[in-house]
Amino acid sequence: MSQILDGNRVRDQIKAEARPQVERIIAHAGRAPGLAVVLVGHDPASEIYVRSKTKTADDLGIYSETITPPAAIDTAGLLAIIASLNARPEIDGILVQLPLPAHIDSQKILLAVAPEKDVDGFHPLNVGLLSTGRPGPRPCTPAGIIQLLRRYEIPMAGANAVVIGRSDIVGKPMAMLLLHENATVTVCHSRTRNLPAVCREADILVAAIGRPAMITAEYIRPGAVVIDVGQSRVTSRTEAERIFDPSRLPDFDLKGSLLVGDVHPGDMARVSSAYTPVPGGVGPLTIAMLMRNTIESAESRTGLYSNSGLC
Ligand code: GUN
């Protein structure tokens with residue numbers, strides 16, 4: 001039987017650790033940590049993510065606000081919003097929800113966020129701190145995966161880790177964090193030759209490609225630990241029949257869609273030794289780590305601790 005790596009459980013642990021940290025900041029600084037989320041336009045998936053981010057902040061006593069400029073805002077308009085958030089002392093963290101509309105220069109926007117308020121860890125300065133192993137905010141999804149692997153005592157040192165996907169948000173920082181844990185890391189992408197064979201070398205396989213259930217049994221070494229970062233919604237019944245156990249199909253027919261990761265769920269459970277389910281695996285960790293980054297930024301900015309090493 002493969003072990004389920006329960007992201008909700010680890011999220012709850014991280015949240016429980018965060019509560020006294022928030023109280024210490026309030027006692028020390030006379031204010032709660034503050035998070036500003038910028039959500040451009042009305043992408044339904046982004047709206048759901050942002051709502052759960054601010055809800056978790058509320059739950060922990062972190063002040064949060066969501067700024068919702070229209071999709072038609074231009075780069076200059078968004079830069080002005082970022083500048084005003086950079087200048088507000090009670091805002092410790094700024095998160096610009098991605099993806100931004102195509103007409104906006106995302107690189108320029110991410111560069112404009114003050115590095116000490118960059119709770120996503122996407123600013124090039126913070127990417128450099130990660131790359132050189134210096135303290136600093138780490139991108140939330142890969143940092144959450146490291147927390148999960150540590151807390152389930154999955155050995156990383158010396159392990160062959162294969163990361164599928166090379167995005168700035170997940171793939172690249174994931175590879176860097178695994179490298180810092182002394183794993184032997186391979187990063188695969190759409191041009192990788194013989195992808196299944198490369199993946200079968202993995203003791204730890206991280207799939208972050210955004211292709212529903214693309215990773216099937218032939219990619220998974222028996223006994224590997226599989227981390228599934230994908231979250232796609234399957235709406236075609238034929239696809240649902242390929243992906244899900246027949247017992248899930250009545251649920252599909254009722255809802256008209258089901259959530260699936262990048263890894264075929266049945267194959268993952270059958271071949272791996274441990275895996276993150278979708279939903280309930282990686283998803284909850286991202287938000288927990290965002291809270292942690294916001295708290296660490298507040299600790300550093302209020303002079304309580306300087307965990308981030310940026311002050
Ligand atoms: N869109 C998908 N994941 C993320 C994330 O971790 N941070 C931000 N800002 N946008 C995202």
Side-chain angles (χ1 to χ4, degrees), residues 7 11 14 35-57 62 64-69 71 73 78-79 81-82 85-86 91-102 104-115 117-127 130 136-148 163 165-177 206-212 227-233 259 261-262 276 278-279 281-294 296-297:
R11 173 205 54 202
I14 294 170
L35 172 67
V37 180
V38 182
L39 171 62
V40 179
H42 291 285
D43 177 64
S46 292
E47 282 180 337
I48 292 170
Y49 290 140
V50 166
R51 212 168 306 125
S52 36
K53 286 170 185 178
T54 53
K55 205 170 135 240
T56 309
I62 294 173
S64 76
E65 63 183 54
T66 308
I67 295 109
T68 54
I73 193 170
L78 199 49
L79 285 172
I81 291 174
I82 306 287
L85 294 171
N86 283 343
I91 295 297
D92 300 294
I94 301 170
L95 178 144
V96 182
Q97 185 65 28
L98 302 176
L100 290 169
I104 291 179
D105 185 340
S106 300
Q107 298 280 13
K108 233 182 200 172
I109 300 298
L110 296 182
L111 194 62
V113 174
K117 295 191 177 187
D118 169 32
V119 282
D120 261 327
F122 292 164
H123 189 286
L125 177 84
N126 292 325
V127 176
L130 164 61
R138 305 306 195 214
C140 302
T141 301
I145 291 168
I146 296 289
Q147 286 296 321
L148 180 88
V163 179
R166 54 176 157 180
S167 71
D168 292 336
I169 297 180
V170 181
K172 283 188 226 167
M174 184 78 258
M176 207 52 84
L177 288 171
V206 182
I209 39 180
R211 300 265 220 104
I227 306 295
D228 189 353
V229 182
Q231 279 208 54
S232 309
R233 204 156 268 291
L259 214 53
D262 290 342
T276 57
V278 176
V282 171
L285 301 171
T286 301
I287 297 177
M289 295 311 286
L290 173 66
M291 300 302 121
R292 206 156 128 163
N293 281 351
T294 303
E296 287 184 2
S297 171

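Just so you know, ligand 1 is whichever comes first in the structure, and atom 1 is the first atom listed for that ligand.
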* **Heavy atom of F122, distance to ligand 1 below 4.0 Å** => yes
* **Protein contact to atom 9 (N) of ligand 1 [nearest heavy atom, distance to 0.1 Å]** => D120 OD2, 2.6 Å
* Asked: With a 4.0 Å heavy-atom cut-off (strictly under), which part of L290 contacts ligand 1: side chain, backbone, both or neither?
  -> neither
* Determine whether more than 12 heavy atoms belonging to other residues, nucleotides or ligands lie under 6.0 Å from atom CD of E65. => yes
* Could you list which atoms of ligand 1 come closer than 4.0 Å to a heavy atom of V96? => 8 (C), 9 (N)
* **Sub-4.5 Å side-chain heavy-atom contact between F122 and L98** => yes
* Asked: Going by distance only, is there an N or O of T141 that falls short of 3.5 Å from an N or O of ligand 1?
  -> no
* Structure fact -> Under 4.0 Å between heavy atoms, the region of L98 that gets near ligand 1 turns out to be both
* Structure fact -> closest protein heavy atom to atom 3 (N) of ligand 1 is I169 CG2, 4.2 Å
* At what distance is the nearest protein heavy atom to atom 11 (C) of ligand 1, and which residue and atom is it? -> Q97 NE2, 3.5 Å
* Asked: Looking only at atom types and distance, does a side-chain atom of S297 sit under 3.5 Å from a main-chain N or O of G93, one as donor and one as acceptor?
  -> no
* Asked: Would you say the side chain of T68 lies within less than 4.5 Å of the side chain of V50, judging by non-hydrogen atoms?
  -> no
* Asked: Is K172 reaching over with its side chain to a backbone N or O of V127, donor-acceptor style, under 3.5 angstrom?
  -> no
* Say whether, by atom type as modelled, one donor and one acceptor occur between the side chain of T276 and the main chain of D228 under 3.5 angstrom. => yes
* To do: Any atoms of ligand 1 less than 4.0 Å from a non-hydrogen atom of L95? List them with their elements.
  => 9 (N)
* To do: Among D168, L111, L100, find the one that has a side-chain contact (heavy atoms from CB on, under 4.5 Å) with S106.
  => L100
